[in-house]
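Atoms within each ligand, like the ligands themselves, are counted from 1 in listed order. On a predicted model such as this, the values are computed, not experimentally measured, just so you know.
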Amino acid sequence: AKARLGESICFFETGMDERARERRQLANDLRQAGANGQLSVLYQPQHSLRTGAVSGYEALLRWMHPRRGLVSPDEFIPIAEETGEIIALGEWVLREACHEARSWPGEEKVAVNLSPVQFLQPNLVEMVRSVLVETGLPARRLELEITETAIIHDKLRALHCLRLIKAMGISVAIDDFGTGYSSLDTLQSFPFDKIKIDKSFLLKSEGSAQARAIIRAVLALGRSLDIPVLAEGIETEGQLRVLKAEGCDEGQGYYFGHPSAAPSLKVREAAP
Ligand code: C2E
Ligand code: CA
Ligand code: CA
Ligand code: CA
């Protein structure tokens, strides 16, 4: 029994080592990924549930690793946040997305995710301003998506930062709403333009009464604070029907469209 215990501990440690080594390797590879042309941005449509029209597109980063294939952002973003690489990466996505949106024929917004690590950068506001100037995208067409994690560390600073961003004419959405802390307090004191209900509630909504109750509560909250609510992760017509009936303003999910190549490219491809 002793030997077996020893063996399993040894096995466990090797497993940990292996994972740490793999993370280090990924972190290294990620530093080169941009220069090696392995990064791209996909765009997923956001629809008004009243009219069905596309109101915007969310920019989502993709990494095609030469050996591992597509690596999920849920895997590499946390690594990039740990190493600080997210600062350069996030700025690249923002520039790419603003440049892309500039060439859309319509007035749709482009929504860009901002990591809490980026949000803590002292030059964040200047960085965003200079990307807008460089790309020529009007500020009203940019939306930044932040999570509560970005603001809980230093609320006063975060509030100051958000006000500067909003003063430029940029809108700000609170992402993954319902999964963080101090939600009600945060919502009330921060000038958000949109609430994004986390997709975990949607994915459960057809089966679970609790998930539906949460969705209803967030919609009521949005109405009382006069902030539009977007539901993410809409996959079925049934979910869409419920959300419309409950008065949800906007929606995003596979039902409407998967994240896909730049809308401007598609327009060009479709042209004869
Ligand atoms: P997120 O910001 O909550 O983005 C929504 C995620 O849900 C995306 O995953 C999207 O592909 C996925 N999704 C959209 N519709 C559906 C649906 O109907 N069903 C399901 N099951 N999923 C759906 P993705 O692209 O893998 O990104 C995962 C997360 O990685 C994002 O979650 C975001 O937190 C982060 N991320 C992605 N791109 C960036 C980026 O440029 N910067 C930063 N900081 N984070 C990013
Ligand atoms: Ca997002
Ligand atoms: Ca989200
Ligand atoms: Ca998320």
Side-chain angles (χ1 to χ4, degrees), residues 30 33-34 38-47 54 56-65 69-101 109-121 124 127-128 131 142-150 171-180 183 192-206 211 215 218 229-240 242-243 248 250-262:
L30 190 54
Q38 296 160 8
L39 298 178
S40 58
V41 180
L42 296 185
Y43 298 85
Q44 186 179 36
Q46 303 178 324
H47 289 255
V54 174
Y57 291 90
E58 178 176 3
L60 294 158
L61 182 57
R62 290 293 177 268
W63 179 18
M64 182 55 91
H65 190 281
L70 216 49
V71 185
S72 164
D74 281 326
E75 186 174 359
F76 73 81
I77 296 279
I79 295 177
E81 287 174 332
E82 226 169 80
T83 62
E85 190 67 22
I86 190 68
I87 295 163
L89 216 52
E91 183 172 342
W92 181 81
V93 173
L94 181 68
R95 185 170 288 113
E96 193 71 14
C98 290
H99 182 78
E100 164 62 27
K109 284 188 179 179
V110 66
V112 179
N113 292 285
L114 213 58
S115 156
V117 176
Q118 282 179 281
F119 196 75
L120 288 173
Q121 291 306 297
L124 172 76
M127 186 277 281
V128 174
V131 168
L142 176 62
E143 184 155 86
L144 296 174
E145 296 192 358
I146 65 171
T147 57
E148 281 172 285
T149 326
S171 54
V172 181
I174 181 149
D175 204 357
D176 301 345
F177 188 75
T179 62
S183 305
F192 292 114
D193 301 284
K194 189 183 286 179
I195 300 171
K196 294 189 78 174
I197 307 183
D198 190 69
K199 64 174 179 290
S200 60
F201 301 113
L202 259 288
L203 299 179
K204 287 184 225 144
S205 67
E206 272 171 320
I215 292 172
V218 175
V229 176
L230 179 149
E232 54 177 24
I234 301 178
E235 295 186 353
T236 68
E237 198 168 353
Q239 289 171 326
L240 176 63
V242 170
L243 288 163
C248 185
E250 288 182 53
Q252 179 181 349
Y254 297 161
Y255 176 80
F256 293 110
H258 285 254
S260 69

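- Residue E235 has at least one heavy-atom neighbour below 4.0 Å for each of these atoms of ligand 1: 17 (C), 18 (O), 19 (N), 20 (C), 21 (N).
- No donor-acceptor distance shorter than 3.5 angstrom exists from the side chain of E75 to the backbone of S72, with no hydrogens or angles considered.
- Y43 and Y57 have perpendicular rings, their planes meeting at more than 60° on a 0 to 90° scale where under 30° would count as parallel.
- Here L61 has heavy atoms under 4.0 Å from ligand 1 in both its backbone and its side chain.
- How far CG of D176 is from CZ of F201: 9.5 Å, rounded to the nearest 0.5 Å.
- By the 3.5 Å distance cut-off applied to N or O atoms, E145 is not counted among the residues near ligand 1.
- In this structure, P259 has a heavy atom closer than 4.0 Å to ligand 1.
- At least one N/O/S atom of D176, from backbone or side chain, sits under 3.0 Å from the Ca ion (ligand 3).
- Note: an N/O pair closer than 3.5 Å links Q44 and ligand 1 by distance alone.
- N113 has its side chain out of reach of T147: every pair of non-hydrogen atoms, C-beta onward, lies at least 4.5 Å apart.
- When OD2 of D175 and OE2 of E58 are joined through the Ca ion (ligand 2), the resulting angle is 180° to the nearest 10°.
- Checking side-chain atoms of D193 against main-chain N and O of V172 turns up a donor-acceptor pair under 3.5 Å.
- Proximity to K199 (heavy-atom distance under 4.0 Å) selects the following atoms of ligand 1: 6 (C), 7 (O), 20 (C), 22 (N), 23 (C).
- Of the polar atoms of R62, at least one N or O is found under 3.5 Å from an N or O of ligand 1, judged by distance alone.
- Q239 places a side-chain N or O within 3.5 Å of a backbone atom of L202 that can act as its donor or acceptor partner.
- Of the residues listed (V131, V112, V93), the one engaging C98 in a side chain to side chain contact (heavy atoms under 4.5 Å, CB included) is V131, and it is the only one.
- The option from L60, D74, L42, L89 that lies nearest to atom 10 (C) of ligand 1, judged by heavy atoms, is L60.
- Annotation for ligand 1: atoms under 4.0 Å from non-hydrogen atoms of D175 are 2 (O).
- V110 places a side-chain heavy atom less than 4.5 Å from the side chain of L142.
- The number of heavy atoms from other shown groups lying within 6.0 Å of NE2 (H99) does not exceed 12.
- For atom 42 (N) of ligand 1, the nearest non-hydrogen atom from the set V112, N113, L94 belongs to N113.
- At a 4.0 Å heavy-atom cut-off, ligand 1 touches I234 through the backbone alone.
- Residue P73 places no N or O, backbone or side chain, under 3.5 Å from any N or O of ligand 1.
- Heavy-atom proximity to S115, at under 4.0 Å, picks out these atoms of ligand 1: 44 (N).
- Counting only non-hydrogen atoms, the option in D198, I77, V41 that gets closest to atom 46 (C) of ligand 1 is I77.
- Sorting the N, O or S atoms of E145 by how far they are from the Ca ion (ligand 2) puts OE1 first.
- For K196, the heavy-atom gap to ligand 1 stays at 4.0 angstrom or more.
- Counting the atoms of ligand 1 from 1 in the order shown, those under 4.0 Å from a heavy atom of E58 are 2 (O), 4 (O).
- Nearest N, O or S atom of E232 to the Ca ion (ligand 3): atom OE2.
- Side-chain contact between T83 and L30: absent, with no pair of heavy atoms (C-beta onward) separated by less than 4.5 Å.
- If you look at D176 next to ligand 1, the close heavy atoms, those under 4.0 Å, all belong to the side chain.
- For the side chain to side chain contact (heavy atoms under 4.5 Å, CB included) with V71, the lone residue among Q38, M64, H65, R62 that qualifies is H65.
- For ligand 1, the polar-atom distance check finds no N/O of S72 at less than 3.5 Å from any of the ligand's N/O atoms.
- Between the side chain of E148 and the backbone N or O of F177, no donor-acceptor pair lies under 3.5 Å.
- For Q252, no nitrogen or oxygen atom sits less than 3.5 Å from a nitrogen or oxygen atom of ligand 1, counting backbone and side chain alike.
- Side chains of Q252 and E232: a donor-acceptor N/O pair is absent below 3.5 angstrom, by distance only.
- Residues E143 and K196 are not paired through a salt bridge, judged by the lack of any N-O separation under 4.0 Å between the basic side chain and the carboxylate.
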